[in-house]
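For reference, positions follow the sequence shown, starting with 1.
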Amino acid sequence: MASKQNWLLWSVVALGAAALVAVAVVPLPQGRSSQLGPRPPRFVPKGPPRTRQSQVDWSRVPVDRHRAYGYLKQLCALGPRPSGSEGMRQQIALLTQHFRKLGAQVRQQNFVVRHPLTGQGVQMTNLIVHWHPQSRQRVLLCAHYDTRPWPDRDPVNPRGVFLGANDGASGTAVLMELGHHIPRLKFRYGVDFVFFDGEEFVFRETDPYFLGSEYFARHYASSPREFRYRWGVLLDMVGDAQLTIYQEANSVHTTATRRLTGAIWSTARRLGVREFIPRVGYEVRDDHLPLNQIARVPTVNVIDFHYPYWHTRDDTPERCSPESLGKVAWVILEWLQRLR
């Protein structure tokens with residue numbers, strides 16, 4: 001998960017503190033660089049988040065929570081999936097087969113970056129899945145699918161094995177489940193899923209994040225195209241068995257993103273999914289920043305950042321639940337169906 005390891009108190013004090021934080025420069029694969037604003041204020045929770053697990057009548061929910069959880073376990077069974085690894089290559093093949101079988105068009109957006117330690121070239125692959133490709137007005141649903149090279153926050157072995165069940169596989173699994181439902185949507189928008197590579201190809205604090213999303217955003221902004229992304233939703237860390245999804249500060253920064261955030265959280269309230277808590281709980285730098293600031297696509301981050309196993313060896317399927325994945329998938333599907 002991006003530079004979410006940099007925390008400060010999210011409060012009025014953070015507004016003044018932000019001016020004192022260094023600017024993060026993210027180099028592009030072509031050797032250019034961009035400034036996506038100051039490194040993030042850190043949010044320090046005032047005690048543990050409230051547990052708001054809602055009771056759902058799953059017989060009336062169209063998504064299959066157990067199937068989504070099965071996808072999460074299937075991804076983790078590949079082992080670690082950092083950029084350029086064999087696990088990543090297997091994951092690309094698995095997802096390509098999965099979505100083509102469901103009737104989508106799938107293509108790769110490949111680019112090369114230098115390894116931050118060795119200087120060797122590493123191929124990155126954003127995987128793009130098109131539904132209803134004839135539609136010129138489109139909605140972007142995205143997640144990062146790379147895992148961090150190491151569990152660097154693990155108190156025992158920070159160079160051990162990192163599976164990234166929640167931080168990497170959960171958003172991917174939700175989109176795999178939604179792939180069963182998108183073809184049946186009857187509305188005027190097309191939908192694209194994008195799986196970003198290089199979100200956290202990070203070995204040191206100074207290494208750049210968001211490689212895939214920034215590449216995607218720049219390509220979208222600079223290339224001739226016959227379509228437009230109307231809205232974007234980023235899914236990240238949405239599988240925690242103790243799910244609490246507060247609104248994210250950068251996702252209510254503009255009028256457009258506030259409207260989008262309000263619509264998604266209102267959908268959750270209507271469905272009785274209380275895990276979506278309608279107030280700002282943290283500020284997170286993530287893949288939605290390049291989409292908002294470079295591509296100019298209003299994009300919100302749906303994320304549960306109260307996860308005690310973040311970047312540790314314990315981020316495993318046992319820490320996630322079918323119910324959490326199913327609730328998030330249901331909210332996003334219902335929000336899509338009511339778009340006008």
Side-chain angles (χ1 to χ4, degrees), residues 1-11 14 39-54 65 68-69 72-73 75-77 79-82 143-174 199-200 202-203 205 209 234-251 268 273-277 279-288 301-328:
M1 205 32 257
S3 47
K4 301 173 233 164
Q5 70 266 39
N6 297 318
W7 295 46
L8 267 190
L9 179 63
W10 172 247
S11 65
R39 295 185 70 85
R42 299 181 300 174
F43 168 70
V44 180
K46 297 179 180 179
R50 289 178 293 166
T51 300
R52 299 171 58 93
Q53 306 303 307
S54 53
R65 67 193 189 280
Y69 187 63
L72 182 146
K73 292 194 292 185
L75 294 169
C76 290
R81 303 168 304 284
H144 81 89
Y145 69 153
D146 64 313
T147 57
R148 203 167 182 88
W150 299 314
D152 56 279
R153 293 177 62 90
D154 194 274
V156 176
N157 186 4
R159 292 296 181 267
V161 175
F162 181 64
L163 289 181
N166 195 25
D167 194 2
S170 65
T172 304
V174 167
E199 193 260 5
E200 48 188 5
V202 172
F203 299 82
E205 276 300 304
Y209 294 81
L234 173 66
L235 303 173
D236 197 355
M237 295 174 65
V238 292
D240 184 2
Q242 300 298 319
L243 192 67
T244 52
I245 302 180
Y246 289 84
Q247 296 173 354
E248 189 276 323
N250 291 303
S251 301
V273 179
R274 297 182 299 166
E275 288 83 354
F276 282 69
I277 300 169
R279 62 182 176 85
V280 171
Y282 24 69
E283 179 173 352
V284 179
R285 280 178 63 87
D286 210 341
D287 282 318
H288 62 314
N301 192 2
V302 176
I303 182 172
D304 175 3
F305 196 35
H306 293 105
Y307 185 59
Y309 313 108
W310 174 59
H311 289 181
T312 72
R313 293 176 299 156
D314 290 327
D315 186 2
T316 59
E318 293 74 21
R319 309 299 184 183
C320 302
S321 77
E323 288 70 27
S324 294
L325 298 173
K327 289 171 183 176
V328 172

Side chain [X], main chain [Y], donor-acceptor under 3.5 Å:
X: E248; Y: V284; result: yes
X: S251; Y: Q247; result: no
X: N301; Y: L235; result: no
X: Q53; Y: L243; result: yes
X: D315; Y: N166; result: yes
X: Y69; Y: G326; result: no

State, to 0.1 Å, how close [X] and [Y] come at their nearest heavy-atom pair, and which atoms those are.
X: D304; Y: I245; answer: CB-CG1, 4.1 Å
X: H288; Y: L234; answer: N-CD2, 3.5 Å
X: A173; Y: A68; answer: CB-O, 3.5 Å
X: L72; Y: A169; answer: CG-CB, 4.1 Å
X: T244; Y: Y282; answer: O-OH, 3.8 Å
X: V302; Y: F276; answer: CG1-CE2, 3.9 Å

Measuring from atom [atom1] of [X] to atom [atom2] of [Y], what distance do you get when rounded to the nearest 0.5 angstrom?
X: R153; Y: W310; atom1: CZ; atom2: CH2; answer: 4.5 Å
X: C76; Y: E318; atom1: SG; atom2: CD; answer: 8.5 Å
X: Y309; Y: D167; atom1: OH; atom2: CG; answer: 15.0 Å
X: Q242; Y: S324; atom1: CD; atom2: OG; answer: 8.0 Å
X: Y209; Y: D287; atom1: OH; atom2: CG; answer: 12.0 Å

Problem - Residues H144 and D146: side-chain donor-acceptor under 3.5 angstrom - result: yes

Handout entry: Cationic tip of R148 above F162 ring, under 6.0 Å, 45° of axis
Key = no

Practice task
Output all residues satisfying side chain to side chain contact (heavy atoms under 4.5 Å, CB included) with D154, sequence neighbours left out; order by chain, then residue number.
Solution key: P151, V156, N157, T312, R313

Exercise for the section: Compare all side-chain heavy atoms of F305 with those of Y246 and state whether any distance is below 4.5 angstrom. Expected result: no

Handout entry: Minimum side-chain heavy-atom gap D286-E199 below 4.5 Å
Key = yes

Handout entry: side-chain hydrogen bond (donor to acceptor under 3.5 Å, both in side chains) involving T147 - partner list, sequence neighbours excluded
Key = none

Exercise for the section: Taking side-chain hydrogen bond (donor to acceptor under 3.5 Å, both in side chains) as the test, write out the residues that go with D240, two or more places apart. Expected result: none

